[in-house]
Amino acid sequence: MKNTCRFLDSRLYEVILTSASLFLASLFSASQISALPFFASSIFAAEMPERVDAEGVQAVYGAIRDQVASAVVRLETIGGTERVGDVNAIRETTGLLVTADGFLFSSAVAFAHEPDAVVALLASGERRNAKIICTDLKRKITLLKIDMPTETGKDSASHSTSIPSSDSSSDQNSDSGSVPSSGQNSDSSSVPSSASGSSMNSFSVPVAASVREICVGQKVLALGRVLNPETVSIATGIVSGKNRQHGLAIQTDAHVSPDNYGGPLVNLDGKVLGILTPFGMGENELFTGVELYDSGTAFAIPLEDLLTLLPRMKSTTENNSENNSESSTEKKAESKTPVLRPAPKVGLMFRNPTAILATTEILYVAEKSPAEKAGIQAGDIITHVNGKPISRAVDFQQAHARYYEGETLTLTISRNNATQEVKILLKD
């Protein structure tokens with residue numbers, strides 16, 4: 001079913017429907033129930049079981065987990081510092097293989113202590129060295145690579161070039177995306193080969209759920225492979241928010257521990273919504289939000305977004321030498337790992353300090369800031385960001401949050417009843 005926000009797939013729906021049937025059967029006779037308009041289609045024609053099998057629900061969750069489990073790996077770090085600030089180094093965590101040639105995503109907090117080596121324990125029990133390729137400090141996600149030998153006559157690299165997303169529907173209505181069940185997805189034929197569950201080296205590349213399909217309230221599973229490396233643990237919950245952290249993250253009430261950061265957040269079709277990583281209140285520092293573990297407040301970065309970033313993260317290793325030569329103490333400390341850094345603040349203050357209420361009229365421009373260098377002045381009104389109209393300060397903040405250091409932000413401003421375009425270089 002397209003463009004319908006579906007919270008449960010057909011298997012769980014049957015269990016819940018049976019529960020409702022038993023409840024109504026305790027209140028009415030079968031003839032009375034069948035006379036009700038909603039039940040006129042004789043859904044009670046089949047013999048009802050005596051009770052709902054709770055183990056059946058667990059079996060459903062297990063089946064969903066098993067669709068992704070072969071790509072969920074345990075990551076063990078060796079060496080590095082014992083503590084990072086006031087936080088103990090995380091020695092074991094989870095990762096998710098996303099390409100057939102061995103690229104995987106995990107949470108950046110597990111590698112903040114700059115380990116000397118990382119070992120990946122695959123679902124098959126095989127241990128392989130993993131190399132840190134790049135860390136996105138804004139999304140708190142690290143890209144790693146393990147060597148995956150190709151099967152005879154097959155080229156695994158061809159699988160890694162396409163983005164395994166489920167978003168192949170021709171309907172572009174973003175307000176009512178659907179989460180089609182695995183048996184009803186009429187678009188499955190158009191999914192790239194790397195997304196179709198093709199097996200390579202004993203694991204299947206997972207399918208990324210379209211961000212447009214994600215609905216607040218839909219059931220999800222948070223998976224990890226740390227507590228018992230021979231199996232994948234499950235924590236259940238719902239999607240409790242979208243576009244969190246300035247539009248970067250999905251929020252869930254599933255209980256997530258630091259050991260399982262880097263694991264996938266999965267819907268009931270076995271598609272991966274995102275990679276689990278901590279966020280909290282205040283400034284987006286690397287360890288902000290770690291204190292919220294197992295609190296029912298957890299976040300995931302959409303896998304679809306990360307796959308779009310994958311080519312850039314791969315190439316950062318080659319282009320990072322210039323960034324690492326800068327004299328900042330913070331950047332020297334990060335020089336061991338190639339990074340994508342968040343864009344610096346542009347130096348603007350709006351008239352209302354509450355961003356969600358403020359218009360885009362500028363009250364103040366900080367001296368020597370990127371905005372001042374670009375010619376922005378107090379009294380200017382921002383009307384567009386990269387051609388997209390905005391009306392509130394929070395719209396500007398969310399647009400700015402998606403940029404990295406060194407990129408250019410294009411603003412359309414209104415000044416003295418005239419419009420002009422201004423380009424801001426996002427660099428201190």
Side-chain angles (χ1 to χ4, degrees), residues 68 70-80 90-151 154-164 192-195 198-206 208 225-226 229 261-264 272 274-277 301 303-321 323-324 334-340:
V68 187
S70 64
V72 179
V73 303
R74 172 183 169 127
L75 297 172
E76 302 169 358
T77 62
I78 302 170
I90 298 174
R91 295 299 178 184
E92 297 88 21
T93 193
T94 301
L96 182 72
L97 288 160
V98 294
T99 69
D101 56 346
F103 282 97
L104 64 93
F105 288 120
S106 186
S107 172
V109 299
F111 312 100
H113 62 294
E114 296 191 334
D116 298 317
V118 181
V119 177
L121 178 63
L122 306 185
S124 62
E126 186 177 3
R127 303 173 70 87
R128 290 185 175 273
N129 292 329
K131 178 183 178 182
I132 297 176
I133 302 299
C134 178
T135 292
D136 183 336
L137 294 177
K138 178 171 60 179
R139 291 177 168 85
K140 301 185 183 181
I141 295 293
T142 292
L143 175 69
L144 301 94
K145 174 71 166 62
I146 60 177
D147 293 329
M148 301 296 293
T150 60
E151 292 180 357
K154 295 185 179 181
D155 182 7
S156 66
S158 64
H159 292 267
S160 65
T161 56
S162 56
I163 297 176
S193 61
S194 65
S198 57
S199 179
M200 177 73 73
N201 305 302
S202 302
F203 80 94
S204 296
V205 176
R225 190 188 289 275
V226 170
Y261 292 149
V272 178
I275 303 297
L276 297 162
T277 197
I301 301 299
L303 180 58
E304 185 178 55
D305 292 349
L306 292 174
L307 290 170
T308 301
L309 278 170
L310 182 57
R312 179 172 182 173
M313 295 183 76
K314 289 180 181 180
S315 65
T316 303
T317 303
E318 302 170 0
N319 300 327
N320 196 64
S321 57
N323 290 337
N324 287 338
E334 294 167 356
S335 62
K336 191 173 182 179
T337 301
V339 295
L340 294 176

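Heavy atoms only: backbone and side chains are in, while hydrogens, waters and symmetry mates are out.
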Asker: Please assess F111 against L75 for the test side chain to side chain contact (heavy atoms under 4.5 Å, CB included), listing each intermediate value before the final yes or no.
Answerer: CA-CA 10 Å; F111 312 100; L75 297 172; 3.9 Å; yes
Asker: Rounded at 0.5 Å granularity, tell me how far CG in L143 sits from NZ in K314.
Answerer: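 So the gap between those two atoms works out to 8.0 Å.
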Asker: What's the separation between atom CG in D136 and atom CZ in R312, rounded to the nearest 0.5 Å?
Answerer: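 D136 atom CG to R312 atom CZ measures 8.5 Å (nearest 0.5 Å).
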Asker: Atom CG of L340 and atom CG of L137: how far apart are they, to the nearest 0.5 Å?
Answerer: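 Rounded to the nearest 0.5 Å, the CG-CG separation comes out at 8.0 Å.
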Asker: Any heavy-atom pair between the side chains of V339 and T135 that's under 4.5 Å?
Answerer: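 A side-chain contact under 4.5 Å exists here.
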Asker: Given T77 and T93, is the side chain to side chain contact (heavy atoms under 4.5 Å, CB included) satisfied, shown in steps?
Answerer: CA-CA 9 Å; T77 62; T93 193; 5.8 Å; no
Asker: If you take all heavy atoms of L121 and P229, which pair is closest and at what distance?
Answerer: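 The answer is CD2-CB, 3.4 Å.
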Asker: Could you go step by step and tell me if M313 and F105 meet the side chain to side chain contact (heavy atoms under 4.5 Å, CB included) rule?
Answerer: CA-CA 11 Å; M313 295 183 76; F105 288 120; 4.0 Å; yes
Asker: Nearest 0.5 angstrom please: K145 NZ to T99 OG1, how far?
Answerer: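 OG1 of T99 is found 7.0 Å from NZ of K145.
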Asker: Taking C-beta and beyond as the side chain, do V72 and L96 meet within less than 4.5 Å on heavy atoms?
Answerer: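 Side-chain contact under 4.5 Å: yes.
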Asker: Would the distance check show the side chain of S70 and the main-chain N or O of S204 forming a donor-acceptor pair, the cut-off being under 3.5 Å?
Answerer: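 Present.
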Asker: Just how far is it from atom CG of D305 to atom CG of L310, taken to the nearest 0.5 Å?
Answerer: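 Nearest 0.5 Å value for the CG-CG distance: 12.5 Å.
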Asker: Pair I146, L97 - check side chain to side chain contact (heavy atoms under 4.5 Å, CB included), show working.
Answerer: CA-CA 9 Å; I146 60 177; L97 288 160; 3.7 Å; yes
Asker: Among all residues two or more places apart in sequence or in another chain, which pass the side-chain hydrogen bond (donor to acceptor under 3.5 Å, both in side chains) test with R74?
Answerer: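 Once residues adjacent in sequence are excluded, the partners of R74 under the side-chain hydrogen bond (donor to acceptor under 3.5 Å, both in side chains) criterion are E76.
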Asker: So, taking the atom named CD1 in I275 and the one named OG1 in T142, what distance separates them when rounded to the nearest 0.5 Å?
Answerer: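 These two atoms lie 11.5 Å from each other.
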Asker: How about Y261 and K140: do any of their side-chain heavy atoms sit closer than 4.5 Å?
Answerer: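 Sidechains of K140 and Y261: no contact.
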Asker: Looking at S106 and T94, would you say the former's side chain and the latter's main chain have a donor-acceptor pair under 3.5 Å?
Answerer: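 Yes; judged by distance alone, with no hydrogens or angles, the pair exists.
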Asker: Heavy atoms, side chains only, cut-off 4.5 Å: are L309 and R139 in contact?
Answerer: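 Yes; the side chains approach each other to less than 4.5 Å.
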